[in-house]
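Each chain gets a letter, A, B and so on, in the order its sequence line appears, and its residues count up from 1. Everything quoted here is computed from the prediction, not taken from an experiment.
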There are 4 protein chains.
Amino acid sequence: MDYQSILDEISNEITPLFGTGKVANYIPALAGVNPKQFAMTLTLFDGTQYSVGQADTLFSVQSISKVFTFTLALKFYSKALYNRIGHEPSGNPFNSLVQLEYENGKPRNPFINAGAINVTDALMSHYGGCEVAYREVVEFIRDISDDISIDSSEIVSASEMQHGHRNLALANLMKSFNNLDNEVEDVVGTYFKHCALEMNTKMLSRAMLYLANHGVDPITDKCYITPSQAKRINAVMLTCGHYDASGDFAFHVGLPGKSGVGGGIVAIVPKLMGICVFSPELNAQGNSLIGTKALELFTDKTGLSIF
Amino acid sequence: MDYQSILDEISNEITPLFGTGKVANYIPALAGVNPKQFAMTLTLFDGTQYSVGQADTLFSVQSISKVFTFTLALKFYSKALYNRIGHEPSGNPFNSLVQLEYENGKPRNPFINAGAINVTDALMSHYGGCEVAYREVVEFIRDISDDISIDSSEIVSASEMQHGHRNLALANLMKSFNNLDNEVEDVVGTYFKHCALEMNTKMLSRAMLYLANHGVDPITDKCYITPSQAKRINAVMLTCGHYDASGDFAFHVGLPGKSGVGGGIVAIVPKLMGICVFSPELNAQGNSLIGTKALELFTDKTGLSIF
Amino acid sequence: MDYQSILDEISNEITPLFGTGKVANYIPALAGVNPKQFAMTLTLFDGTQYSVGQADTLFSVQSISKVFTFTLALKFYSKALYNRIGHEPSGNPFNSLVQLEYENGKPRNPFINAGAINVTDALMSHYGGCEVAYREVVEFIRDISDDISIDSSEIVSASEMQHGHRNLALANLMKSFNNLDNEVEDVVGTYFKHCALEMNTKMLSRAMLYLANHGVDPITDKCYITPSQAKRINAVMLTCGHYDASGDFAFHVGLPGKSGVGGGIVAIVPKLMGICVFSPELNAQGNSLIGTKALELFTDKTGLSIF
Amino acid sequence: MDYQSILDEISNEITPLFGTGKVANYIPALAGVNPKQFAMTLTLFDGTQYSVGQADTLFSVQSISKVFTFTLALKFYSKALYNRIGHEPSGNPFNSLVQLEYENGKPRNPFINAGAINVTDALMSHYGGCEVAYREVVEFIRDISDDISIDSSEIVSASEMQHGHRNLALANLMKSFNNLDNEVEDVVGTYFKHCALEMNTKMLSRAMLYLANHGVDPITDKCYITPSQAKRINAVMLTCGHYDASGDFAFHVGLPGKSGVGGGIVAIVPKLMGICVFSPELNAQGNSLIGTKALELFTDKTGLSIF
């Protein structure tokens with residue numbers, strides 16, 4: 001298939017949508033992002049990349065980091081992780097405390113905020129501290145992205161912390177149910193540092209290859225997780241990857257994926273490629289409006305939906 | 001692939017699981033079913049069938065009927081259906097009233113009870129009454145199953161009605177929000193008659209072919225729905241098809257599917273086959289315990305998971 | 001105290017409030033009521049009555065009937081009633097299904113709709129049918145009102161039934177939890193007939209005397225319930241009598257009371273009098289706006305608050 | 001009435017109940033309290049005190065402090081306080097986050113934990129800091145108790161803070177809704193210091209006199225709040241003073257009151273006296289089991305219920 005032409009077409013077709021969404025504004029550091037941006041990159045198993053738009057522009061990965069921290073937690077804890085975190089869709093806003101209280105402090109899945117905070121806590125316990133847990137996650141992301149330059153924005157993570165009362169509430173509630181090992185502030189602080197990592201669509205589409213290839217990086221042959229673990233992560237991305245629009249995404253796009261409020265969305269085509277799209281304006285459910293549309297156009301044009 | 005050998009293997013491997021689940025007992029008509037049954041059938045696009053176990057034994061399809069009523073409703077209403085019913089996972093028990101009240105009488109998706117009752121109501125409005133709506137659904141199912149003998153058990157549907165207070169509560173609640181056109185008792189009665197249809201694994205695996213083939217029956221070439229509608233149904237099966245174990249099913253099996261408390265589960269392998277498995281003992285989430293395991297073994301052995 | 005002057009003063013002071021509330025409009029039969037009405041009657045223990053306004057005008061008692069059906073249920077079931085119905089404030093709208101589902105079909109108290117429907121069911125079981133249960137409740141109310149003319153409006157109860165889907169949902173939900181003995185339609189129908197009783201402020205203030213006097217009618221010396229049961233009813237009126245404005249009423253008025261969407265409010269001054277006020281316009285919480293204000297003025301002027 | 005004889009009778013009658021409740025054990029500092037204690041004191045308007053049991057033994061006032069902080073907040077904020085805190089019963093556990101989230105961070109009333117934490121925040125804003133807010137509350141309590149020796153246990157408040165994750169969750173959730181002015185840790189820390197005040201039944205019954213006498217201390221004639229504010233506090237004590245057993249307390253005791261998990265309960269008889277009872281074993285709802293029974297016996301024997 002002529003992927004470059006397809007990306008160029010998509011880039012043209014999404015142009016009228018600029019201005020119809022809303023950049024995340026709950027922290028100043030994100031509110032200031034230029035809304036008129038679009039980038040999309042495909043990375044094939046041999047490393048070939050097709051890009052359109054500002055594919056070198058770094059943006060805040062935000063919740064996309066949940067995919068990578070979940071990967072490491074699954075690797076180290078395997079089934080024991082399910083004592084702490086479920087894997088079912090939540091049917092509630094991503095930061096709701098209601099279900100967390102009704103279900104005794106056990107988050108529904110690793111992609112709602114409570115779940116990802118809990119994953120961070122599990123990694124801190126495994127690695128023995130927040131510093132090392134943060135560093136190991138970054139190392140892992142650098143490794144799968146094959147890019148040692150990746151780093152976190154201190155301005156963004158500090159700003160998150162200053163406005164992070166709801167996440168602190170979630171962490172405290174889990175702690176009150178004895179479902180958090182480490183200190184609340186440390187866990188939430190580390191979680192925010194992972195969310196504040198800055199990457200571009202080239203890096204992120206590259207980073208998804210191991211999930212498209214049963215846990216093994218097809219370029220380096222490094223084995224990160226088992227095929228079964230990779231299948232699990234893809235299943236959770238499909239059922240829970242887009243907050244309360246996961247069903248919608250499954251239909252319109254039909255690929256396992258994960259979005260972040262920074263405007264990025266990652267996805268995979270099993271056995272074929274990693275994908276990343278970026279555009280900062282969000283739809284009502286908090287997912288990149290143009291990014292979602294671009295992915296929908298992509299599976300329409302290529303027939304690569306898993307359904 | 002040697003599908004018959006795979007089915008035979010599966011049949012052997014699930015034997016130790018008999019006795020570890022529990023037959024549905026909320027109505028006498030289902031409670032009396034012999035728990036020690038197992039059947040599985042694959043139907044390929046050319047009509048070839050591979051079966052193991054009691055593949056000719058009829059059982060109560062129950063919630064599997066929701067797939068077929070949803071198909072007809074989607075066909076006739078298209079996007080207008082989404083004014084009445086959502087398409088997101090619910091994160092709540094299949095018969096909960098809580099979310100229905102919080103969301104003003106709009107069911108989360110067509111596979112929770114409230115959603116399927118609402119779909120039945122939409123069909124009654126379309127066809128102009130409960131008799132004709134019931135009959136047309138049966139005709140459709142006979143058509144896609146290529147079997148005119150299929151019928152509903154009056155004993156089961158009458159028994160359901162007698163114990164159907166929670167479903168009547170759901171329907172009345174929707175009616176109070178003006179999200180139900182017809183009389184509550186008529187709608188719920190018609191819904192129960194569809195649930196009481198009796199089929200076997202051969203019929204049901206055959207019936208799923210149109211969903212594996214973008215809306216077109218690959219044997220008869222009849223076009224039932226658009227490719228986009230077929231994709232939608234498959235996406236909803238994957239995200240919402242197994243009550244509050246949909247995420248689990250997505251991981252362990254990795255195929256779009258739908259279960260019923262009668263012990264049946266249908267599934268599809270896109271572009272390849274329809275599948276049905278039957279075994280009456282249920283797991284804690286109300287899905288066939290052995291049926292789920294058999295499908296998991298099937299995708300493990302064949303690598304046919306969509307992920 | 002010169003009660004007549006106080007009533008006259010109140011009648012003047014509430015005049016500017018006409019037009020600031022909204023007559024109940026969920027059924028046509030109530031929506032048609034003239035909003036510009038006001039009546040208030042005090043009945044002392046010797047039978048002396050002080051009235052102002054249209055104290056002879058009949059109105060629909062609606063939820064005020066819950067006080068009388070609860071009285072009879074408490075009389076016949078005593079503590080056994082608490083197996084079916086709680087006696088704590090609900091903190092939710094009067095017709096919510098959420099708490100009823102979370103608490104397994106046991107209504108929080110006898111003054112929310114689910115509770116009053118359950119009380120009606122208990123009375124039907126005690127008396128052996130809906131006809132006799134309806135008749136006995138009417139006889140009781142005629143007796144405590146000392147007025148054999150009291151009757152129910154068939155237009156109102158039929159209209160309620162036609163729009164009563166939420167109450168049918170509540171009753172069906174209780175039935176599904178085995179917390180309703182009789183047929184849902186019969187119970188809800190009987191409940192609506194009690195709500196459709198028509199009385200005036202003279203009758204209703206007279207009817208409250210037994211609650212102001214420890215269960216004994218101070219005029220006829222008939223003993224209806226024990227002092228402990230009377231105290232119980234008064235406590236439930238104070239904590240739960242005004243839907244989600246019960247705390248507000250306790251503060252502003254400071255008397256045990258019960259309101260109905262027909263615009264009536266009954267109250268008692270312990271050991272002194274029965275009170276009824278009527279004015280059809282409701283506030284945001286569904287209580288008579290002018291009626292609440294009139295009672296507040298009354299306790300301010302007389303110092304008769306229980307606090 | 002011979003109050004001393006009545007207290008002696010009560011003391012005898014409650015003896016068999018020792019061992020039927022459970023001392024609060026969520027923090028070590030409270031878990032170590034000797035369960036076999038009982039004390040009860042009545043303080044009349046002329047200062048006469050009647051006591052039975054260990055009326056000089058200090059205990060942790062815990063939630064009883066909410067009455068006094070609410071008094072000060074009402075005094076300084078008056079109606080503006082209702083923008084931050086409601087005054088309706090909650091129908092949920094005292095430390096639930098569910099309702100707080102559904103109602104956008106506005107606590108239902110000042111006696112659930114979220115409400116009292118919010119009141120503490122309001123006082124910190126009024127006084128300009130946590131130190132001074134703490135001190136002024138203590139001064140107020142010393143003043144109404146006429147006892148300058150009253151102080152807080154640092155062991156208890158430190159222990160509360162160490163196990164206070166649920167309260168920190170509540171405070172963070174309010175903060176996320178912009179319904180908390182000060183730093184979360186400061187507010188919760190100050191709240192815990194008020195809860196850790198240590199008093200005996202003589203002090204606390206004395207301290208309640210202003211609420212029994214329309215806001216004015218009947219001994220010193222100091223006016224603390226308006227009659228209307230006193231009525232408000234009494235109404236909130238009656239409808240919300242005993243967590244999810246407030247309706248039960250209203251019936252069994254029939255007096256405005258407030259309990260604490262330290263085993264104390266305060267109550268008033270309007271225009272007559274302040275009461276305090278102490279016994280550490282709690283019932284299922286978290287109120288002193290013997291204390292509740294003692295107050296019930298008291299109103300039974302004296303007929304002093306407000307109903």
Nearest heavy-atom neighbours spanning D/Leu238 and C/Thr239: O-CG2, 4.1 Å
Residues of residues 98-109 of chain C under 4.5 Å from chain D (heavy atom pairs)? C/Gln99, C/Arg108
Heavy-atom contacts under 4.5 Å, residues 214-232 of chain C to chain D: C/His214, C/Ser228, C/Lys231, C/Arg232
Taking every heavy-atom pair that is under 4.5 Å apart, which of C/Pro256, C/Pro89, C/Ala212 has the most such pairs with chain D? C/Pro89
Which residues from residues 241-252 of chain C are near chain D, with near meaning under 4.5 Å between non-hydrogen atoms? C/Asp244, C/Ala245, C/Ser246, C/Gly247, C/Asp248, C/Ala250, C/Phe251, C/His252
May I ask you to name which of D/Pro270, D/Ala235, D/Cys240 has the most heavy-atom pairs under 4.5 Å with chain C? D/Ala235
Filtered by a 4.5 Å non-hydrogen cutoff, the part of residues 292-307 of chain D contacting chain C is D/Thr299, D/Asp300, D/Gly303, D/Ser305, D/Ile306, D/Phe307
